[in-house]
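When reading the values below, keep in mind they use all heavy atoms of this one structure, side chains included, and skip hydrogens, waters and symmetry mates. Numbers restart at 1 for each chain; the letters A, B, ... are given by sequence-line order, proteins then strands.
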There are 2 protein chains.
Amino acid sequence: MTSTKNLLTKDRKTRPETASKKAYHHGDLRAALIDATRQLVEEKGPDSFSVSDACRLAGVSTAAPYKHFKDKTEMLVAVVLEGMARHRENMLAALEGIPEGSPERITAIGMEYVAFALNEPGIFRLKFGGFTDRISDPRLDEGGQQSFEILLTEVAKCLGESEITAEVRRRGFLLWSFVHGLSFILRDHGLAEKGEEFDLQTLLDDVAERMLN
Amino acid sequence: MTSTKNLLTKDRKTRPETASKKAYHHGDLRAALIDATRQLVEEKGPDSFSVSDACRLAGVSTAAPYKHFKDKTEMLVAVVLEGMARHRENMLAALEGIPEGSPERITAIGMEYVAFALNEPGIFRLKFGGFTDRISDPRLDEGGQQSFEILLTEVAKCLGESEITAEVRRRGFLLWSFVHGLSFILRDHGLAEKGEEFDLQTLLDDVAERMLN
DNA sequence: TCGTCAAGTTAGTGCCTCTAACATATGTTA
DNA sequence: TAACATATGTTAGAGGCACTAACTTGACGA
């Protein structure tokens with residue numbers, strides 16, 4: 001589906017691009033397994049994901065992944081890391097063309113945050129749903145921190161601060177909490193709450209104003 | 001630990017309370033298994049929970065649970081339902097003694113919401129963390145809705161409305177989103193964000209004021 | 001050309017969920 | 001009170017999964 005090959009693979013020299021060798025060796029099994037894992041996590045849900053399924057999808061034996069990943073958890077971590085990088089890129093892209101220091105930049109980030117939760121709920125849950133008993137990799141915390149910094153930078157500009165002060169951090173934390181919770185709720189229940197519908201953009205504008213004034 | 005027997009068991013007539021019959025029949029295995037499940041879910045995390053472990057803890061064979069529960073998922077649902085009832089009771093109890101219509105009632109609910117997430121993270125995650133691919137029981141949605149109604153009632157009073165209007169629902173939704181997200185973040189990272197600490201009560205007061213004014 | 005090593009394979013272990021068939025206690029009814 | 005029906009336990013076992021060990025293939029460098 002997505003052409004994310006080589007994102008997480010170690011560089012290899014002179015890989016022959018004649019991919020159809022009917023090869024005993026796969027070519028880039030690591031990337032293929034990550035693709036398969038992401039697909040299955042979204043299709044069946046993270047809980048129902050099995051390494052065996054990923055192997056079947058990639059067309060290899062069930063022992064093959066262990067040449068590339070320590071265990072099942074490491075496969076999931078790889079998928080989440082890749083997803084978080086995409087998430088950050090999306091948020092940064094959403095900022096383009098919006099004037100610096102305007103609250104629209106805050107809401108744009110929020111919209112993108114929610115969009116990721118709705119478009120890739122499986123990965124969103126793996127990262128944020130508290131898989132913490134299974135997955136605890138420092139790289140995941142780093143990634144989350146980087147996303148948070150993006151928000152803080154914008155909050156600082158909105159508040160007219162030249163650097164990230166305690167107050168900026170505090171406001172950012174409030175905004176983050178809100179959008180984070182909103183993402184979970186929307187993913188689980190949708191925007192229609194007992195027949196009444198909220199407009200997401202309006203909701204975010206409202207909150208940004210309340211939090212930043 | 002907690003004496004929650006009979007909470008979820010069908011009434012049985014004339015249960016002999018001479019529990020130590022070295023009995024082939026357990027007495028109240030259903031309740032014992034729910035207890036064991038809750039304990040294990042908190043100790044090891046929902047992902048690592050296994051029916052076999054619960055059986056060992058309860059001292060029965062691994063086939064015994066299936067006389068009381070359809071499958072593993074139904075065991076978890078039972079634990080979550082029981083936890084949600086406790087959660088609602090806690091929130092209602094937290095309101096006692098606080099004058100009607102004051103925003104302190106809102107923050108008291110928020111504090112209790114967060115407290116549950118921190119005290120019973122396993123159950124919190126099972127309910128809200130999006131186990132939705134495995135667990136989807138209408139009773140869970142009902143329970144969540146009931147909790148939300150508690151909040152809405154208080155929001156209406158704070159806004160001086162005699163019934164739950166669209167605006168009440170909207171404000172309640174904003175508050176819920178915030179506290180929900182806050183719960184997740186605190187459970188995952190704690191209140192100390194890079195050395196700076198927020199006071200939870202102050203944070204909630206602040207947000208309530210911003211959302212209700 | 002040959003040896004080495006990365007990256008596949010098959011076979012197998014141990015744990016898990018869940019089912020089938022059997023065993024035992026309990027309480028109802030003749 | 002005896003016998004039956006039913007609820008609730010048991011053991012045995014099927015089938016799936018994560019992961020390992022030992023073997024095989026083939027690509028690359030000396």
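Atom CG of A:Leu33 is separated from atom P of D:dA18 by 13 Å (rounded to the nearest Å).
A donor-acceptor contact under 3.5 angstrom links the side chains of A:Gln201 and A:Asp205, judged on distance only. Side-chain N/O atoms of A:Gln146 and A:Glu142 include no donor and acceptor closer than 3.5 Å.
The pair A:Glu120-A:Arg86 meets the salt-bridge criterion, since a charged nitrogen lies less than 4.0 angstrom from a carboxylate oxygen.
Listed pair A:His68 / C:dA6 fails the phosphate criterion, with no side-chain N or O lying under 4.0 Å from OP1 or OP2.
Within residues 50-58 of chain B, no residue places a heavy atom under 4.0 Å from DNA chain D.
Heavy atoms only, all atoms of each residue included: A:Ala64 and A:Leu29 are closest at CB-CD2, 3.8 Å.
To the nearest 0.5 angstrom, A:Asp137 atom CG is 11.5 Å from A:Leu76 atom CG.
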Please output the side-chain donor-acceptor pairs of residues 106-117 of chain B that fall under 3.5 Å, not counting sequence neighbours, one pair per line with the distance.
residue  : atom : partner  : partner atom : Å
B:Thr107 : OG1  : B:Glu104 : O            : 3.0
B:Tyr113 : OH   : B:Trp176 : NE1          : 3.2
B:Tyr113 : OH   : B:His180 : ND1          : 2.8

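Each of A:Lys67 and B:Lys67 was matched to the nucleotide of DNA chain D holding its nearest heavy atom; the match closer to the 5' end belongs to B:Lys67. Positionally, the nearest nucleotide of DNA chain D for B:Gly59 lies more toward the 5' end than for the other of A:Lys70 and B:Gly59.
Ranking D:dG9, C:dT17, D:dA18 by closeness to the B:Lys72 side chain, first place goes to C:dT17. Side chain of A:Tyr66, nearest nucleotide from D:dA18, C:dT10, D:dT10: D:dA18. Considering only side-chain atoms of A:Ala63, the nucleotide from D:dT10, C:dT17, C:dT9 that sits closest is C:dT9.
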